[in-house]
Colleague: 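Encoded as structure tokens, here's the structure I'll be asking about.
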Protein chains: 2
Amino acid sequence: MPNRILLVEDDVALGQQVVQTLSQAGFDPHWVQDGDSAREIDPDSYRLIILDLMLPGTYGMDLLKRYRLRSEVPVLILSARDDTSDKIRGLKLGADDYVTKPFFPEELIARIQACLRRPNLLETQRLAVGSIQIDLERREARTKTGAISLTRVEFEILALLARRKGSAVSRDAIVDAALDRAHHGSRRTLDVHISRLRSKLGDAAAQLETVWGIGYRLTDTP
Amino acid sequence: MPNRILLVEDDVALGQQVVQTLSQAGFDPHWVQDGDSAREIDPDSYRLIILDLMLPGTYGMDLLKRYRLRSEVPVLILSARDDTSDKIRGLKLGADDYVTKPFFPEELIARIQACLRRPNLLETQRLAVGSIQIDLERREARTKTGAISLTRVEFEILALLARRKGSAVSRDAIVDAALDRAHHGSRRTLDVHISRLRSKLGDAAAQLETVWGIGYRLTDTP
DNA sequence: TGCGGACCTTAAGCGATTCTTAACGCGGTC
DNA sequence: GACCGCGTTAAGAATCGCTTAAGGTCCGCA
């Protein structure tokens, strides 16, 4: 299911509000009201999990640990109390972001989208998009078949698209970020780099989509 | 200057830590320790401003207002105290994100990069009109039956109508926004685009109504 | 200093997609 | 019923992107 989001929240008023916000934003929210029910859920059947830390039954923190053991689904912590030690603990346990009450609906949506775009705000060194993995520190990219050697420009392009996973990135933006601006002559240069990048990506090239008239997009599902 | 970041922070220990974090991440931090100095600064000479809310002299909130009056530079609020009313006020005044102490250096960098990528985290990039969902970032539209591939012009038209959901939009306005104005010739071009858009929308085409003699309207309910 | 290789850029042909125009027919409005 | 606006289709034109091939530059190395 493309837009299924699990909400674990015992506060009825807050839960209703969040469900409504999510629906309006085009997501498909599933609301569970207590920790014990949430224990039984398979985290991988959701694109993202919103987790309240103050829950009856199993505490939210335990749920987070449990989910992290078996899945890499993005988890966004939602806390009614503004407790910074909770924040640290949550993020250390692998939560991807943290929103405290009160918040604007827009803020929640924005953070969700940020999480979906780049799982784990805390791990900036590695990017994973579908079967493509990028190590920004080692400047290395790999696919299922192994490491692939990319030139500087190719790596910049791939990293940029991966950072904005799912978004259409304009040709201009890519040229700005990855190519020497000294040569602003031919507009065909980018094509060539993309072409070679695709051939090096092999099967994973299907993830690098052309957005006609705009630019390119790197998706996690081919 | 490409990576100049202004840090307004009176706490010396925290300031040093942030400056170090920013430098290591490849930014060029400028640190100002009191609000009065910060008043004199031209916000537009920085790519992003990190603002502490608890400052001697002019309070941080006043600074934020002041910056917002003359510039759209991204502002990230950094608050030592975990005060949610501050958060609300800050975001309403146009701050782009909010980080509370304590935080991981990686978290700060991640949020900065998020702000630079998309100023104003609070502006959602999705539109939903009835059963039509439009993702402006992905540049993709979906209906109940799944994603539909739209050309550039078709997408522009749909997005424009969706932004003005419910109201009639004149043919001229649509042509202005979505089509090349170079071709001033035939007024029938728009019809063709609308026609193809409808056929691609499938069932959802019922939401795209003709307003006779005026233009078109995209409604919530078919 | 000269050579070779890796890399970036440019050019050009080709194929694919998209935009526009034209033409015809329908339907609403007076 | 006449007129004007709109829907639809088909076809040509324009645009855009992919690929291959060919310089050109920079760097390391002998």
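Letters go in sequence order (proteins before strands), and every chain restarts at 1.
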Colleague: Please check the phosphate of D:dG17 (OP1 and OP2 only) for any side-chain N or O of A:Arg171 closer than 4.0 Å.
Modeller: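 Looking at the OP1 and OP2 atoms of D:dG17, one of them is under 4.0 Å from a side-chain N or O of A:Arg171.
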
Colleague: Any side-chain N or O of B:Tyr216 less than 4.0 Å from the OP1 or OP2 oxygen of D:dG7?
Modeller: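 So the side-chain polar atoms of B:Tyr216 do come within 4.0 Å of the phosphate oxygens OP1 or OP2 of D:dG7, strictly under.
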
Colleague: Measuring from the side chain of B:His193 (C-beta onward, heavy atoms only), which nucleotide among D:dT8, C:dC19, D:dG17 has the closest atom?
Modeller: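 Given the options D:dT8, C:dC19, D:dG17, the side chain of B:His193 is closest to C:dC19.
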
Colleague: Could you give the CG-to-C1' distance, from A:Leu179 to C:dT10, as a whole number of Å?
Modeller: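 Computing the A:Leu179:CG to C:dT10:C1' distance gives 12 Å.
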
Colleague: Return the nearest nucleotide to the side chain of A:Asp191; candidates are D:dG17, C:dC19, C:dT9.
Modeller: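 The listed nucleotide nearest to A:Asp191's side chain is D:dG17.
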
Colleague: Quick one: closest heavy-atom pair of B:Tyr216 and B:Ile174, and the distance?
Modeller: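 Closest approach of B:Tyr216 to B:Ile174: CD1-CD1, 3.9 Å.
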
Colleague: For a quick test of reading the model: is some side-chain N or O of A:Thr189 closer than 4.0 Å to OP1 or OP2 of C:dT10?
Modeller: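 Looking at the OP1 and OP2 atoms of C:dT10, one of them is under 4.0 Å from a side-chain N or O of A:Thr189.
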
Colleague: Using a cut-off of less than 4.0 Å, is there contact between a side-chain N or O of B:Thr151 and OP1 or OP2 of C:dC19?
Modeller: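 Yes.
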
Colleague: Please pick, from D:dT15, D:dA21, C:dA22, the nucleotide with the shortest atom-to-atom distance to any side-chain atom of A:Trp212.
Modeller: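 Ranking D:dT15, D:dA21, C:dA22 by closest atom to the A:Trp212 side chain puts D:dT15 first.
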
Colleague: Identify which nucleotide among D:dG17, D:dC6, C:dT21 has an atom closest to any side-chain atom of B:Thr210, counting heavy atoms from C-beta outward.
Modeller: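 The answer is D:dC6.
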
Colleague: Which nucleotide sits closest to the side chain of B:Val192: C:dC19, C:dT21, D:dA21?
Modeller: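 Out of C:dC19, C:dT21, D:dA21, the nucleotide with an atom closest to B:Val192's side chain is C:dT21.
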
Colleague: Kindly point out which of D:dC18, C:dT9, C:dC7 is positioned nearest to the side chain of A:Arg198?
Modeller: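 For A:Arg198, the side-chain atoms sit closest to D:dC18.
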
Colleague: Quick one: CZ on B:Arg171 to OG1 on B:Thr210, what's the gap to the nearest 0.5 Å?
Modeller: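 It is 9.0 Å, given to the nearest 0.5 Å.
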
Colleague: How long is the line joining CZ of A:Arg152 and P of D:dT25, in whole Å?
Modeller: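 Taking CZ of A:Arg152 and P of D:dT25, I get 17 Å after rounding.
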
Colleague: Any chance CZ of A:Arg138 has more than 12 other-residue heavy atoms, nucleotides or ligands included, within less than 6.0 Å?
Modeller: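 No - once you tally the heavy atoms of other residues, nucleotides and ligands closer than 6.0 Å, there are 12 at most.
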
Colleague: Taking the minimum atom-to-atom distance to the side chain of B:Arg188, which one of D:dT19, D:dC6, C:dC19 wins?
Modeller: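 The closest nucleotide is D:dC6.
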
Colleague: Return the CD1 to CD1 distance between A:Ile77 and A:Ile49, rounded to the nearest 0.5 Å.
Modeller: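 If we round to the nearest 0.5 Å, A:Ile77:CD1 and A:Ile49:CD1 are 11.5 Å apart.
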
Colleague: Could you state the atom-to-atom distance from CG of A:Leu197 to P of C:dC7 in whole Å?
Modeller: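 Distance check: A:Leu197 CG to C:dC7 P gives 14 Å.
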
